[in-house]
Amino acid sequence: MGCDVSKSTDVIETEEIESDTFEFTDTQIDTIRSTWPILACDMTDIGSKVFLKIFLEEPKLKYIFSSFSDMEENELVHHPLFIDHVTRFMQIIDYLVENLDQEKSDFEQALLMLGAKHATFPGFQVSYLNLFTKALLEVWESAIGEEFIPEVQQCWAQLFTYIMRYIVQGYELYFSECQDDIVDEKS
Ligand code: HEM
């Protein structure tokens, strides 16, 4: 009965993935790589700022992580699950920055599965990823400072759009697989 997450996230057939590619130019890659060390020198702190910002903007988001619901900011930033999620998401950016010029299909598959996994978290909505992108750009701006000129912002915005696009697609595929399961069960 229902949609089995292990089935939906194990493999997402490649023909289900939108075929248009998302290429980064050498200049964009250089720009991203030259500003990343400013952020990567304290990934937990920078990543925590992103999450604190989105929790402030949309307090309901805290309830998706069941153990965070009643926590104040100073308690939250020391919670292992909070640090774990922040670290995991910053490591994804780190990996991508490092491998932007490489073949990315395995990575894209992993992002699709991550999106499908997020679809299984009660209360998670795909629209929250827009808040997430907005918070990322604001935190990046405040950390990078004067160097965060429009060209730099555009490169990072493209990287975030790239990540979110696959997560959103994985999220949507999860629900379309659920629909297919329901149709199969009825027929
Ligand atoms: C508003 C945005 C987001 C919310 C509310 C959210 C929420 C969650 C929750 C509730 C979990 C499960 C935590 C646990 O109990 O272990 C999780 C896991 C995870 N999230 Fe997110 N997430 C968000 C965005 C992202 C983004 C943008 C990324 C990466 C780019 C990400 C990466 C991960 C990873 C790697 C895991 C672990 C998945 C696993 O265990 O297989 N999350 N997220």
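Just follow the structure's listing: the first ligand is 1, and inside any ligand the first atom is 1.
Glu58 is linked by a side chain to side chain contact (heavy atoms under 4.5 Å, CB included) to Lys60, Leu61, Tyr128, Leu131, counting only residues two or more places apart in sequence or in another chain. Residues passing the side chain to side chain donor-acceptor pair (under 3.5 Å) test with Lys49, sequence neighbours excluded: Asp45. In this view, Glu141 satisfies the salt bridge (Lys or Arg N to Asp or Glu O under 4.0 Å) rule with no residue, not counting sequence neighbours.
Nearest non-hydrogen protein atom to atom 3 (C) of ligand 1 is Phe124 CE1, 3.5 Å. Nearest protein heavy-atom neighbour of atom 14 (C) of ligand 1: Leu81 CD1, 3.5 Å. The protein heavy atom nearest to atom 7 (C) of ligand 1 is Phe65 CZ, 3.2 Å. In terms of protein heavy-atom proximity, atom 27 (C) of ligand 1 is nearest to Phe132 CE2, 3.3 Å. Scanning the protein for heavy atoms near atom 5 (C) of ligand 1, the closest one is Leu61 CD2, 3.5 Å.
In this structure, His79 contributes its side chain and Glu75 its backbone to no donor-acceptor pair below 3.5 Å. A donor-acceptor pair under 3.5 Å is formed between the side chain of Gln158 and the backbone N or O of Glu23. Panel note: side chain Glu147, backbone Ile144; no donor-acceptor pair is recorded below 3.5 Å.
Listed by chain and number, the protein N, O or S atoms at a distance under 2.8 Å from atom 21 (Fe) of ligand 1 are His85 NE2, His118 NE2.
Each of the atoms 39 (C), 40 (O), 41 (O) of ligand 1 lies under 4.0 Å from some heavy atom of Lys117. For ligand 1, the atoms closer than 4.0 angstrom to any heavy atom of Ile54 are 1 (C). Atom numbering of ligand 1 starts at 1 in the shown order; those under 4.0 Å from a heavy atom of Ile64 are 5 (C), 10 (C).
Donor-acceptor pairing under 3.5 Å is recorded for the side chains of Ser105 and Glu103.
Using a 4.0 Å cut-off between a side-chain N of Lys or Arg and a carboxylate O of Asp or Glu, Asp101 and Arg33 qualify as a salt bridge.
Checked against the 6.0 Å centroid criterion, the rings of Phe124 and Phe121 do not qualify as a close aromatic pair.
Just one residue in the list Ile32, Ile29, Thr27 forms a side-chain contact (heavy atoms from CB on, under 4.5 Å) with Cys155, and that residue is Ile32.
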